[in-house]
Amino acid sequence: MLISQYAKFVKPAFDDFVLPSKKYADVIIPRGGDNHVAIDLIVQHLRTKLGQHDLCKIYPNVYVIQSTFQIRGMHTLIRDREISKHDFVFYSDRLIRLVVEHGLGHLPFTEKQIVTPTGSLYTGVDFCKKLCGVSIVRSGESMENALRACCKGIKIGKILIHRDGDNGKQLIYEKLPKDILERHVLLLDPVLATGNSANQAIELLIQKGVPESHIIFLNLISAPEGIHCVSKRFPSLKIVTSEIDVALNEEFRVIPGMGEFGDRYFGTDD
Ligand SMILES: O=P(O)(O)OC[C@H]1O[C@H](OP(=O)(O)OP(=O)(O)O)[C@H](O)[C@@H]1O
């Protein structure tokens, strides 16, 4: 049976994945079984088939920085398991800086006029002043320097979410600017896998009064599953990433991915 014939049974999965990308409508689903099996099969298949452009069409608040050979080259290096720690940190930092700059481009601005040394009027813009960073400990801390380098004196809060056995991820610690609800928040974590950590962190920010549309989540590598999970729950939040990978494996690790970012960046994988 064709996936398109299953439309009426698998409405949610169909709306999310199939309608915007009709090219997958000829995926063959085995006959029989219950609808849940069919849904799982479709979603599983499409998650591995959807390209980043398809995902950006489905979720208009997802932005992938424009790829260049420099960016591909940096990804090739940081994903290589043979790279030295020094090079991993160096090229991660370069990529992080690009993602941070791109993310800042999504902040609101006000128009501003100045006079140039030639005495001419120049109409430009003024940066958004009310912002802060929030890093998800520990990998997110690797992105703080780039944010500080771009935004002088920026306040940076922290959230620690830890996996507790099989009980899922628990919020362990948070320290956020007191007036965070008045600020635009740049949420920092280089890896978006299942989306559980990000969702917990975003939920906390919203509880603190930050409007969903004032949050920009910056990361280096996203799995489609994570994009789906976060964007579906928080549709007006923006995600800025440098590449969307193929899928998660059975251990919920991003594939092809770059391994344990925190361990590689902070040198705790020896
Ligand atoms: O989307 P999720 O499935 O929640 O996974 C993503 C989380 O996993 C990684 O951190 P990790 O738990 O490895 O901790 P670390 O930052 O200390 O390395 C990453 O930095 C995210 O925080």
Side-chain angles (χ1 to χ4, degrees), residues 43-44 47-48 50 52 55 59 61-62 64 75 78-79 81 83 85 88-89 91-93 95-97 99-100 103 133-147 156-176 185-206 215-234 237-270:
V43 172
Q44 202 180 319
R47 276 178 178 163
T48 57
L50 281 171
Q52 50 188 32
L55 274 168
Y59 300 115
N61 281 335
V62 174
V64 182
H75 266 277
I78 65 167
R79 290 164 182 278
R81 64 179 177 189
I83 195 179
K85 174 185 180 279
F88 181 80
V89 171
Y91 291 107
S92 297
D93 284 346
L95 267 175
I96 288 168
R97 179 71 181 251
V99 170
V100 167
V134 171
S135 59
I136 300 181
V137 178
R138 136 191 91 139
S139 298
E141 293 174 300
S142 66
M143 303 176 77
E144 293 178 359
N145 282 344
L147 187 58
I156 298 184
K158 303 211 183 235
I159 296 176
L160 172 59
I161 292 158
H162 184 65
R163 189 185 300 279
D164 184 20
D166 293 333
N167 300 327
K169 290 197 164 180
Q170 312 283 334
L171 175 71
I172 305 288
Y173 171 84
E174 46 107 342
K175 187 79 186 169
L176 302 169
V185 178
L186 296 149
L187 183 62
L188 312 172
D189 193 337
V191 181
L192 172 60
T194 62
N196 288 336
S197 315
N199 274 355
Q200 287 214 29
I202 296 160
E203 198 59 66
L204 176 70
L205 296 175
I206 290 171
I215 305 169
I216 305 176
F217 179 35
L218 306 179
N219 68 75
L220 286 188
I221 294 181
S222 293
E225 288 87 340
I227 298 261
H228 180 65
C229 177
V230 174
S231 302
K232 185 121 185 118
R233 187 151 159 205
F234 307 107
L237 163 142
K238 292 189 171 81
I239 298 178
V240 175
T241 187
S242 64
E243 277 189 359
I244 299 177
D245 271 12
V246 174
L248 292 180
N249 66 9
E250 51 294 339
E251 291 162 345
F252 304 108
R253 300 179 75 192
V254 186
I255 298 298
M258 57 179 162
E260 294 295 329
F261 183 92
D263 284 335
R264 295 182 79 197
Y265 192 94
F266 295 110
T268 45
D269 57 345
D270 302 331

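Whatever order the structure lists them in is the order used to number ligands and atoms, beginning at 1. These numbers come from a predicted model, not from an experiment.
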Visitor: Check each atom of ligand 1 against the heavy atoms of Glu260 and keep those under 4.0 Å away; list them by number with element.
Guide: 13 (O)
Visitor: Go through ligand 1 atom by atom and flag the ones less than 4.0 Å from a non-hydrogen atom of Gly262.
Guide: 18 (O)
Visitor: Would Lys85 and Asp263 pass as an ion pair if we require N to O under 4.0 Å?
Guide: no
Visitor: Among protein heavy atoms, which sits nearest to atom 12 (O) of ligand 1, and what does the distance come to when rounded to 0.1 Å?
Guide: Lys169 NZ, 3.7 Å
Visitor: Would you say Ser139 and Asp189 are linked by a side-chain donor-acceptor pair, where the criterion is simply a distance under 3.5 Å?
Guide: no
Visitor: Tell me yes or no: between the side chains of His228 and Tyr59, is some donor less than 3.5 Å from an acceptor?
Guide: yes
Visitor: Tell me whether Arg138 has any N or O atom under 3.5 angstrom from an N or O of ligand 1.
Guide: yes
Visitor: Quick one: pull up CG in Asn145 and CD1 in Ile156 and give me the separation to the nearest 0.5 Å.
Guide: 8.0 Å
Visitor: Considering only non-hydrogen protein atoms, determine which one is nearest to atom 10 (O) of ligand 1 and report residue, atom name and distance to 0.1 Å.
Guide: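 It is Ser139 OG, 4.4 Å.
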Visitor: Tell me whether ligand 1 is touched by Gly195 - counting only heavy atoms on the residue side and a distance under 4.0 Å.
Guide: yes
Visitor: Look only at the side chain of Thr194 and the backbone of Gly226, and say whether a donor-acceptor pair between them is shorter than 3.5 Å.
Guide: no
Visitor: Judged by atom type as modelled, is there a donor-acceptor pair below 3.5 Å linking the side chain of Arg264 to the main-chain atoms of Ile78?
Guide: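 Flag set: sc Arg264 to bb Ile78 pair under 3.5 Å.
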Visitor: If we count only non-hydrogen protein atoms and require a distance under 4.0 Å, does atom 14 (O) of ligand 1 qualify as touching the protein?
Guide: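 There is no protein heavy atom less than 4.0 Å from atom 14 (O) of ligand 1.
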Visitor: Quick one: pull up CD1 in Ile216 and CG in Asn61 and give me the separation to the nearest 0.5 Å.
Guide: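 Interatomic distance, Ile216 CD1 to Asn61 CG, rounded to 0.5 Å: 10.0 Å.
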Visitor: Verify, without hydrogens or angle tests, whether Glu260 (side chain) and Asp269 (backbone) share a donor-acceptor contact under 3.5 angstrom.
Guide: no
Visitor: Can you report which non-hydrogen protein atom sits closest to atom 4 (O) of ligand 1, along with the distance?
Guide: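 Among all protein heavy atoms, the one nearest atom 4 (O) of ligand 1 is Ser197 OG, 2.4 Å.
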Visitor: Under the criterion side-chain contact (heavy atoms from CB on, under 4.5 Å), I'd like the reasoning laid out for Val230 against Asn199: C-alpha separation, chi angles, the key distance, then a yes or no.
Guide: CA-CA 6 Å; Val230 174; Asn199 274 355; 3.4 Å; yes
Visitor: Please list, in number order, the atoms of ligand 1 under 4.0 Å from a heavy atom of Val191.
Guide: 6 (C), 19 (C), 21 (C)
Visitor: With backbone taken as N, CA, C and O and side chain as the heavy atoms from C-beta onward, which portion of Asp189 lies under 4.0 Å from ligand 1: side chain, backbone, both, or neither?
Guide: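 It is the side chain that gets close, since no backbone atom is under 4.0 Å.
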Visitor: Does the protein put any heavy atom within less than 4.0 Å of atom 7 (C) of ligand 1?
Guide: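 Within 4.0 Å of atom 7 (C) of ligand 1, protein heavy atoms are found.
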Visitor: Mark up the atoms of ligand 1 that fall under 4.0 Å of a heavy atom belonging to Thr194, in ascending order.
Guide: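 Those qualifying, in numeric order: 1 (O), 2 (P), 3 (O), 4 (O).
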Visitor: Counting heavy atoms only, which of Ala193, Gly140, Gly259, Ser142 is nearest atom 5 (O) of ligand 1?
Guide: Ala193
